[in-house]
J.: 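First, the structure itself, so that you have it in front of you.
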There are 2 protein chains.
Amino acid sequence: MKELNYTPNAVARSLIQRKSFTIGLMLPDITDPFLSSMAQGIEEVISDSGYHLVYGNTSRIREKEESFLLSAAQRKLDGLIITSDYMDGEMMQVLRNLEIPIVFLRRRPPAELDMPFVDVDHYKGSCRAVEYLLSLHHRHIGFIGMPDFSYTGRERYRAFCDTMQKNNIPIAEGATIFGERSYQSGYESMRDLTASYPEMTAVFAANDILAIGALEWLAEQNISVPDQMSIVGFDNLEVSNLHWIKLTTVAQPRKEMGMKSAELLMTMIQEKDSKAASILFDTELIIRRTCAPINL
Amino acid sequence: MKELNYTPNAVARSLIQRKSFTIGLMLPDITDPFLSSMAQGIEEVISDSGYHLVYGNTSRIREKEESFLLSAAQRKLDGLIITSDYMDGEMMQVLRNLEIPIVFLRRRPPAELDMPFVDVDHYKGSCRAVEYLLSLHHRHIGFIGMPDFSYTGRERYRAFCDTMQKNNIPIAEGATIFGERSYQSGYESMRDLTASYPEMTAVFAANDILAIGALEWLAEQNISVPDQMSIVGFDNLEVSNLHWIKLTTVAQPRKEMGMKSAELLMTMIQEKDSKAASILFDTELIIRRTCAPINL
DNA sequence: CTGAAAGCGCTAACAT
DNA sequence: ATGTTAGCGCTTTCAG
């Protein structure tokens with residue numbers, strides 16, 4: 001017929017097939033190197049399957065989460081990958097009403113939801129980090145954490161407390177502090193921790209950004225790392241391997257996590273029966289140059 | 001009627017209104033902190049207008065660009081923001097056939113296309129950087145560039161050459177080198193440059209990643225920055241402000257660029273007549289600690 | 001001002 | 001094998 005640039009109308013096809021060939025990705029912040037790596041992995045497998053990826057940035061605002069989910073319903077998205085920060089009863093109802101496959105990324109779905117998740121074992125990884133510090137004979141270990149609303153932050157804190165307790169080491173008063181996810185916050189936290197817990201010889205920071213901020217303060221104070229203070233982080237960001245930093249940290253397979261979550265979602269979409277098997281990735285302790293055995 | 005969770009079908013509405021209320025964003029790599037900042041800005045304004053953002057990662061692969069553009073046509077996206085690396089005749093025809101508003105982000109559209117762009121003035125910003133080095137009495141200046149296929153890389157290189165020439169300073173043999181966008185590449189480039197141009201006292205690196213890689217090599221060789229070698233970068237990444245780095249560099253308003261491009265697109269969509277006015281942002285030279293006047 | 005009908009561009013079911 | 005028709009869920013138009 002007309003061989004002159006005719007393009008089928010996918011909207012019409014979607015209407016009759018009740019499939020939009022589009023999946024939604026809801027993230028708090030695409031600017032986070034961690035999340036953008038996962039997003040890249042997701043986009044890769046999704047687009048290879050001929051699907052589109054609609055991306056929504058929530059900025060951790062409840063209202064934005066809701067409006068994304070609502071519009072996902074209206075546009076008949078075929079599936080969702082979400083990193084949600086507000087999973088209460090109302091939100092759960094919204095998700096249920098969607099009646100489409102959903103996988104949680106980096107978050108656990110509430111027990112009553114029966115949806116799969118893809119994440120890394122924050123707890124286990126953090127235990128490993130603290131145990132490493134313990135194996136270096138540190139006994140006065142401080143903790144720089146993330147704000148209370150952060151799921152990953154809570155898990156890593158829980159691991160810190162449990163590991164200390166399991167080894168019969170009391171957590172000193174003033175040994176823990178919580179900040180935001182910024183260099184500045186790590187810097188200030190390290191300063192405050194040093195004041196409130198002077199015996200401290202090591203600190204476990206709940207993420208690399210915080211750890212690097214801490215390192216900055218120590219460098220400014222001419223407190224030598226690792227000779228006078230050992231630091232371990234979590235995330236293994238690109239920057240953590242920089243010559244001046246060489247942070248000992250816990251690595252997670254970021255892009256792979258994204259890809260797996262997308263693959264999981266695609267099979268859920270393609271095979272209606274699919275029994276949603278969550279995936280929990282393992283972490284790896286990357287030993288670099290910010291930890292040393294304690295000086296006896 | 002039924003007040004029990006009824007959601008209008010946006011697909012049906014799209015079909016009749018010939019509007020998908022969705023715009024497309026085509027980027028080479030969402031993992032690039034620069035691009036993800038822009039993406040965040042775009043998403044913000046787009047979603048505030050009730051639109052969806054479909055994001056496609058091209059990985060600088062021509063085939064992926066084409067397939068994204070084609071599927072944009074099929075799904076009747078209402079507009080596009082693209083960072084394209086392959087704007088030849090065929091690609092231009094694809095864009096024209098779309099018959100929807102398109103804005104180029106961080107790329108110039110070919111003259112025959114009459115589409116607006118949003119970018120920063122790489123040329124002017126780079127001239128400023130080189131002039132700064134010149135004002136510090138450096139005469140033996142090296143250049144670490146990006147690969148030839150990079151538009152921004154070419155502009156920054158052109159600025160380097162022009163500024164040197166304008167000041168009657170010949171560019172020495174072996175004073176320029178080109179790498180990829182990685183710390184590793186900056187590291188190796190600095191090493192090679194030092195060998196091929198031993199008189200060199202300063203280098204302009206076409207981006208911060210390269211500059212930081214160069215700084216790493218210098219630190220390993222115990223070549224003092226800025227006493228023995230001055231470095232200036234381009235981008236003003238978060239990491240460039242780290243205590244150990246404090247890189248003098250050229251800053252660009254990343255998130256704002258994204259927001260402006262989205263606003264531009266939205267007005268093009270809403271007002272059919274719109275006469276597409278491109279936006280060229282200015283850069284700012286951020287002076288930190290990696291440059292010093294030459295030692296006479 | 002409210003209500004029925006036509007139609008967007010496709011696919012699937014049906015008839016030729 | 002090919003051709004015709006109904007209808008997806010809306011919006012818009014036109015009639016009542």
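Chain naming here is simple, since letters A, B, ... match the order of the sequence lines and numbering starts at 1 in each. Bear in mind that the values here come from a model prediction, so they are computed numbers and not experimental data.
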J.: Do B:Lys260 and B:Glu256 sit within salt-bridge range, that is, some charged N less than 4.0 Å from a carboxylate O?
T.: no

J.: Using a 3.5 Å limit for the pairing distances, which stems of at least 3 consecutive Watson-Crick or G-U wobble pairs does DNA chain C take part in?
T.: C:1-14 with D:3-16

J.: When rounded to the nearest 0.5 angstrom, what distance separates CZ in A:Arg254 from OG in A:Ser36?
T.: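 A:Arg254 CZ to A:Ser36 OG: 7.5 Å, rounded to 0.5 Å.
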
J.: Are B:Arg108 and B:Ser278 close enough that a side-chain donor and a side-chain acceptor fall under 3.5 Å?
T.: no

J.: Among B:Asn207, B:Asn236, B:Asp235, B:Asp208, which residue meets the side chain to side chain donor-acceptor pair (under 3.5 Å) test with B:Thr249?
T.: B:Asp208

J.: Supply the atom-to-atom distance B:Ser67 OG to B:Arg62 CZ, rounded to the nearest 0.5 angstrom.
T.: 12.0 Å

J.: Crowded around A:Glu238 CD? As in, over 12 foreign heavy atoms under 6.0 Å?
T.: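 It does not: A:Glu238 CD has 12 such atoms or fewer within range.
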
J.: Whether A:Arg106 and A:Asp32 form a salt bridge (side-chain N of Lys/Arg under 4.0 Å from carboxylate O of Asp/Glu) is what I want to check.
T.: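 No, A:Asp32 and A:Arg106 are not salt-bridged.
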
J.: Testing the 3.5 Å rule here: is there a donor-acceptor pair between the side chains of B:Glu65 and B:Ser84?
T.: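 Checked: B:Glu65/B:Ser84 side chains pair up, N/O donor to acceptor below 3.5 Å.
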
J.: Taking only heavy atoms on the protein side, list every residue of residues 70-80 of chain A lying under 4.0 Å from any atom of DNA chain D, sorted numerically.
T.: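 Output list: empty, so none.
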
J.: Kindly check if the number of other-residue, nucleotide or ligand heavy atoms within 6.0 Å of CD (B:Gln93) is above 12?
T.: yes

J.: Once you round it to whole Å, what is the distance between P of D:dC10 and CZ of B:Phe21?
T.: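 Whole-Å distance recorded here is 14 Å.
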
J.: Does A:Lys64 come within less than 4.0 Å of A:Asp85, counting only side-chain N to carboxylate O?
T.: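 Salt bridge: no.
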
J.: Got a list of protein N/O to nucleotides 8-12 of chain C N/O distances below 3.5 Å?
T.:
{"from": "C:dC8", "atom 1": "O3'", "to": "B:Arg18", "atom 2": "NH2", "distance (Å)": "3.0"}
{"from": "C:dG9", "atom 1": "OP1", "to": "B:Arg18", "atom 2": "NH2", "distance (Å)": "3.2"}
{"from": "C:dC10", "atom 1": "OP1", "to": "A:Tyr6", "atom 2": "OH", "distance (Å)": "3.0"}
{"from": "C:dC10", "atom 1": "OP1", "to": "A:Asn9", "atom 2": "N", "distance (Å)": "2.7"}
{"from": "C:dT11", "atom 1": "OP1", "to": "A:Arg13", "atom 2": "NE", "distance (Å)": "3.3"}

